[in-house]
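If you read the sequence from its start, that first residue is 1, and numbering goes on from there.
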Amino acid sequence: MRQFSFLLVTLLFSGTAGRAQSLLWELSGNGLKKPSYLFGTYHILRDSYLKQDSLTRIHFEQAEGVVVEMVFDSSAAGKVRQYATMADNNLIRLIDATDYKLVADEFNAVTGQELSFYNQVKPVIIATALSVAYARQRSDTLTRFSGQPIDLYFVKQAQARQKPLKGLETLEQQLTLLYDRQPVEQQAEQLVKMVKQKNVPTTPGTSLTDMYLRADLEGMWNLFQRESDSPADLYALIDDRNLRWMSQLRPVIAERSTFIAVGVGHLPGPNGLLNLLREAGYVVKAVK
């Protein structure tokens, strides 16, 4: 269910870290006995993408251990539902009648389902479903990839090969970030705004999917800057998490060659992992 986090794919860029266009980075030096590899994922991308990205696939297969954002256990589905629903509120209360009809009609047109069935689901999840659908509608390339979400693929393959597997966050941490970071009233406002702006013309090649597939870190950063709600939201989504993750990554890559797969937005930026790893003394090199 962490695959609901697609809509929160966040993207940062800094001049030094982002000039080389790559999604895969080698980490070496600073006493490491073997190099490790950092890969920026796109959460709605399917794993058949790796058939065309042989370098990433090879380095993943050769790594002795794997690190991901979170290792999801399907037995925790009940906890996900608990975080995803509003016990004392609903969409009809949060959205005025005119806007509710607009959102409901759009949701039905895009998903084939009635919004009334999901009235107690938090607005951010409705926005997620629409965001994923829009991304697939706008990218013929994206729809050609099949299989399971790429982050889940790395988890399942690591488990099948019995490789050491570490999640950087717990399910509770991710659910709180995704569903409780903003009040439901604000989530509802953003949902309505997204639906109203869905037909705003865009320049070909400037979608998030297009830029990800060509590893355009600077372009993704600019897109995110335009769409970010506030510096505080940016800090919560990226900086704070990266700083916490660094304390976990350093001992792991010191112990063994590790393949690290996290959302691409965590790589660049002043407090992105690429920059933080360089500041910590590692040699960080784009793999092409």
Tell me, with the steps shown, if Asp210 and Arg214 meet salt bridge (charged side-chain N to carboxylate O under 4.0 Å, His left out).
CA-CA 7 Å; Asp210 293 331; Arg214 63 175 184 264; 5.4 Å; no
Does a donor on one side chain and an acceptor on the other come within less than 3.5 Å for [X] and [Y]?
X      : Y      : value
Tyr282 : Ser28  : no
Asp53  : Tyr49  : yes
Asn108 : Gln113 : no
Asn119 : Asn90  : no
Lys166 : Gln248 : yes

For the student: nearest non-hydrogen atoms of [X] and [Y], plus distance:
X      : Y      : value
Ala188 : Leu94  : CB-CB, 3.9 Å
Thr143 : Arg136 : CG2-O, 3.3 Å
Leu50  : Tyr153 : CD1-CE2, 3.4 Å
Leu23  : Leu267 : O-CD2, 3.9 Å

Who passes ring pair (Phe, Tyr, Trp, His ring centres under 6.0 Å) against Tyr118, sequence neighbours left out?
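Here the qualifying residues are Phe107.
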Under the side chain to side chain contact (heavy atoms under 4.5 Å, CB included) criterion, do Met246 and Leu273 qualify, and how do the steps go?
CA-CA 8 Å; Met246 278 294 296; Leu273 291 176; 4.1 Å; yes
Can you tell me how far apart NZ (Lys79) and OG1 (Thr170) are? Round to the nearest 0.5 Å.
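The NZ atom of Lys79 sits 8.0 Å away from the OG1 atom of Thr170.
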Any chance you could measure Leu276, atom CG, to Asp239, atom CG, to the nearest 0.5 Å?
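Output value for this atom pair is 8.5 Å.
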Tell me the side chain to side chain donor-acceptor pair (under 3.5 Å) pairs involving residues 57-66, sequence neighbours left out?
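Side chain to side chain donor-acceptor pair (under 3.5 Å) check on residues 57-66 returns Lys34-Glu64.
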Listed by chain and number, what are the salt bridge (Lys or Arg N to Asp or Glu O under 4.0 Å) partners of Lys285, not counting sequence neighbours?
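Lys285 satisfies salt bridge (Lys or Arg N to Asp or Glu O under 4.0 Å) with Glu26 once adjacent residues are dropped.
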Please confirm whether the backbone N or O of Leu24 pairs with a side-chain atom of Ser22, one donor and one acceptor, at under 3.5 Å?
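A pair under 3.5 Å: yes.
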Just do the side chain to side chain contact (heavy atoms under 4.5 Å, CB included) check on Val155 and Phe72 with the steps written out, would you?
CA-CA 9 Å; Val155 170; Phe72 180 70; over 6 Å; no
Is there a side chain to side chain contact (heavy atoms under 4.5 Å, CB included) between Lys122 and Asp180 once you walk through the steps?
CA-CA 9 Å; Lys122 290 180 180 175; Asp180 291 342; 2.5 Å; yes
With side chain to side chain contact (heavy atoms under 4.5 Å, CB included) as the criterion, how do Lys196 and Val192 come out once you've worked through the C-alpha distance, each side chain's angles and the decisive distance to 0.1 Å?
CA-CA 6 Å; Lys196 289 181 175 180; Val192 172; 3.6 Å; yes
Could you tell me whether Phe259 and Tyr37 have their ring centroids closer than 6.0 angstrom?
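No: the rings miss the under 6.0 Å criterion.
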Test of understanding: with side chain to side chain donor-acceptor pair (under 3.5 Å), list the residues that count as partners of [X], not counting sequence neighbours.
X      : answer
Arg93  : none
Asp233 : Arg181
Gln187 : none

Test: Lys163 cationic atom under 6.0 Å from Phe60 six-membered ring centre, within 45° of axis:
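Pair Lys163/Phe60 counts as cation-pi.
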